Amino acid sequence: MAALQYSLLLSFTLSALVYTISAHNITDILSGFPEYSEFNKYLTQTKLADEINTRQTITVLALNNGAMSALAAKHPLSVIKNALSLLVVLDYYDPTKLHQISKGTTLSTTLYQTTGNAPGNLGFVNITDLQGGKVGFGSAAPGSKLESSYTKSVKQVPYNISILEISQPIIAPGILTAPAPTPSSVNITALLEKAGCKTFASLLQTSGVIKMYQSAADKGLTIFAPNDEAFKAAGVPDLSKLTNAEIVSLLQYHATASYSPFGSLKTSKDPISTLASNGAGKFDLTVTTAGDSVTLHTGIGPSRVAETVLDSTPLVIFTVDNVLLPVELFGKAPSPAPAGEPVSAPSPTPIASTPSPASVEAPSPLAASPPAPPMETPGGAPADAPFGSENSTADGNAAVHVRVPVQVTVFAAVICSILMS
């Protein structure tokens, strides 16, 4: 009986470890292929690399330096980002699977479809196995031609990430001709009001901080805008009792002088400096993730990143569920215990140091992933794809590492305790 229990525990542990092997680094992988240095550079500049690194079961359709340079020479960075996001397929295709597509053709979802910028099915790509061993790629829009074709395999990490070279970009109708407003010309307050952040927008205008936002937008700006309900929540201080300088610092605390789209926030490990930061550890934010949920921590309370209002390189605007309250202005907020639970006695001495976010905040609940578009998915799940395709590897050169979630560790510890008792 003990042997059976041990076997079950071992199987569970190994399954947990295998399940969490997911990480890859597209930048590191492509750094070994100088013919894709331009493609790699623009994945980094657009922050698409961060988004790719947070996803599993993905195919990157790479452009060589010539094709990438031709695309980049004619368009601004925001348009380049949309064009490249159409080359990130949310499924695993290696060379063999390309020639095993059910019925010879399929529509596959791309990263562009998840941005909300793709009308209709323009965020899908048509992959068709042509006669003579060729594979064509084109937009899923009706009447679009298969103007790009599979050239060669670059790298595979079964069944995590596959990198394939294609002959030229896949161009969806309107993706290159859509107007790309400059960040300084964007009406930030109008966007905030439309997104349900009228109180925040009004404070920006009356305080004059909106001018600071606009002047920083061209070089890179990320805004975390609390919705109107957030200002009505318990624990939010009476703003009328704050000085003008404190209001300015509070509003500066809701923005960072860098372009940090959602994928970049998910991979953030270090504290984030805000426009209010004035020294080491001052007015910083920390970030935690749980699945597809991103939560900001101030040291007083957490705030979930709710929605993306605008993502137009190098400006991004998010809504957040709670007002971000910096400890530098408001100190450590009390944390009342739920009814029926014991409350710890307060410390007799005041707290002089900045509290750790982890000691006063609870992790946010998991946010639901964006719904899958109602389109046909490609035939052949990753588990059915062939093993050992061209250039495939699963060793350390593929930048793979193991992440074991805390829940898995705790669960395994509980099982061990039960078996040993």
Side-chain angles (χ1 to χ4, degrees), residues 47 50-51 54 78 114-118 181 183 186-207 209-210 212-214 216-217 220-237 239 247 249-268 272 274-276 283-298 300-326 357 361-371:
K47 302 301 180 93
D50 292 334
E51 185 68 37
T54 65
S78 58
T114 69
T115 63
N117 298 328
V186 172
N187 191 331
I188 295 176
T189 54
L191 289 174
L192 293 174
E193 290 173 354
K194 186 177 180 181
C197 304
K198 294 182 179 179
T199 302
F200 184 67
S202 177
L203 288 171
L204 289 176
Q205 288 180 311
T206 57
S207 66
V209 174
I210 186 63
M212 180 180 294
Y213 279 18
Q214 290 172 333
L221 182 69
T222 300
I223 300 172
F224 303 108
N227 57 42
D228 291 336
E229 292 301 316
F231 284 94
K232 303 174 184 178
V236 176
L239 300 182
I247 288 288
S249 293
L250 177 63
L251 296 176
Q252 290 175 332
Y253 190 60
H254 285 75
T256 70
S258 62
Y259 173 64
S260 300
F262 195 75
S264 297
L265 291 178
K266 288 176 70 176
T267 59
S268 179
I272 299 175
T274 66
L275 294 183
F283 290 94
D284 286 345
L285 293 168
T286 57
V287 181
T288 60
T289 61
D292 284 331
S293 178
V294 172
T295 302
L296 305 175
H297 302 269
T298 68
I300 291 180
S303 184
R304 185 180 66 91
V305 177
E307 296 180 356
T308 302
V309 178
L310 174 72
D311 184 353
S312 179
T313 312
L315 172 64
V316 60
I317 303 175
F318 298 107
T319 60
V320 292
D321 287 345
N322 296 306
V323 178
L324 304 177
L325 302 176
E361 303 172 31
S364 69
L366 280 173
S369 301

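As a basis for the values below, the full set of heavy atoms in this structure was taken, side chains included, without hydrogen atoms, waters or symmetry mates. On a predicted model such as this, the values are computed, not experimentally measured, just so you know.
With sequence neighbours left out, the side chain to side chain donor-acceptor pair (under 3.5 Å) criterion links S260 to S258. The side chain to side chain contact (heavy atoms under 4.5 Å, CB included) test applied to A216 returns L221, not counting sequence neighbours. Checked against side chain to side chain donor-acceptor pair (under 3.5 Å), S264 has the following partners two or more places apart in sequence or in another chain: D50. T189 pairs by the side chain to side chain donor-acceptor pair (under 3.5 Å) definition with N187, not counting sequence neighbours. Residues meeting the salt bridge (charged side-chain N to carboxylate O under 4.0 Å, His left out) test with E307, sequence neighbours left out: none.
Contact check for I223 versus V316: no side-chain heavy atoms found under the 4.5 Å cut-off. In this structure, the side chains of K198 and L192 stay at 4.5 Å or more apart for every pair of heavy atoms. Counting heavy atoms from C-beta outward, Y259 and L315 have side chains that stay 4.5 Å or more apart. Counting heavy atoms from C-beta on, the side chains of V186 and L191 come closer than 4.5 Å. Taking 4.5 Å as the limit, some side-chain heavy atom of F318 sits within range of a side-chain heavy atom of L265. In this structure, the side chains of F224 and S303 stay at 4.5 Å or more apart for every pair of heavy atoms. The side-chain heavy atoms of T298 and P326, taken from C-beta on, include no pair separated by under 4.5 Å. With contacts defined as side-chain heavy-atom distances shorter than 4.5 Å, the pair L296/P302 does not qualify.
Of the N and O atoms on the side chains of Y253 and D284, not one donor lies less than 3.5 Å from an acceptor on the other residue. Side-chain N/O atoms of H297 and T288 include a donor and acceptor closer than 3.5 Å.
Judged by distance alone, the side chain of T308 and the main-chain N or O of L310 form no donor-acceptor pair under 3.5 Å. Judged purely by atom type and a 3.5 angstrom limit, T256 has no side-chain atom pairing as donor or acceptor with the backbone of T274. Here the side chain of N322 pairs no donor or acceptor atom with the backbone of G301 at under 3.5 angstrom. Between the side chain of T313 and the backbone N or O of S78 there is no donor-acceptor pair closer than 3.5 Å. Side chain of H254 to main chain of L324: a donor-acceptor pair is present (N/O by atom type, distance under 3.5 Å, no hydrogens or angles).
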Q: Begin with the C-alpha distance, continue with both residues' side-chain angles, and end with the deciding distance and a verdict on side chain to side chain contact (heavy atoms under 4.5 Å, CB included) for V287 and T295.
A: CA-CA 6 Å; V287 181; T295 302; over 6 Å; no

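Taking every heavy atom of both residues into account, T54 and G263 meet most closely at CG2-O, 4.0 Å. Here the closest non-hydrogen pair linking A276 and S249 is CB-O, 3.6 Å.
In this structure, OG1 in T114 is found 10.5 Å from CZ in F262, a value given to the nearest 0.5 Å. Atom CG of L239 is separated from atom OG of S207 by 11.0 Å, given to the nearest 0.5 angstrom.
Residue pairs meeting the salt bridge (Lys or Arg N to Asp or Glu O under 4.0 Å) criterion with at least one partner in residues 316-326, sequence neighbours excluded, are R304-D321.
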Which donor-acceptor pairs under 3.5 Å do the side chains of residues 199-206 make with protein atoms, sequence neighbours left out?
unit_1 : atom_1 : unit_2 : atom_2 : d
T199   : OG1    : D228   : OD1    : 3.3
T206   : OG1    : S202   : O      : 3.1
T206   : OG1    : L203   : O      : 3.3

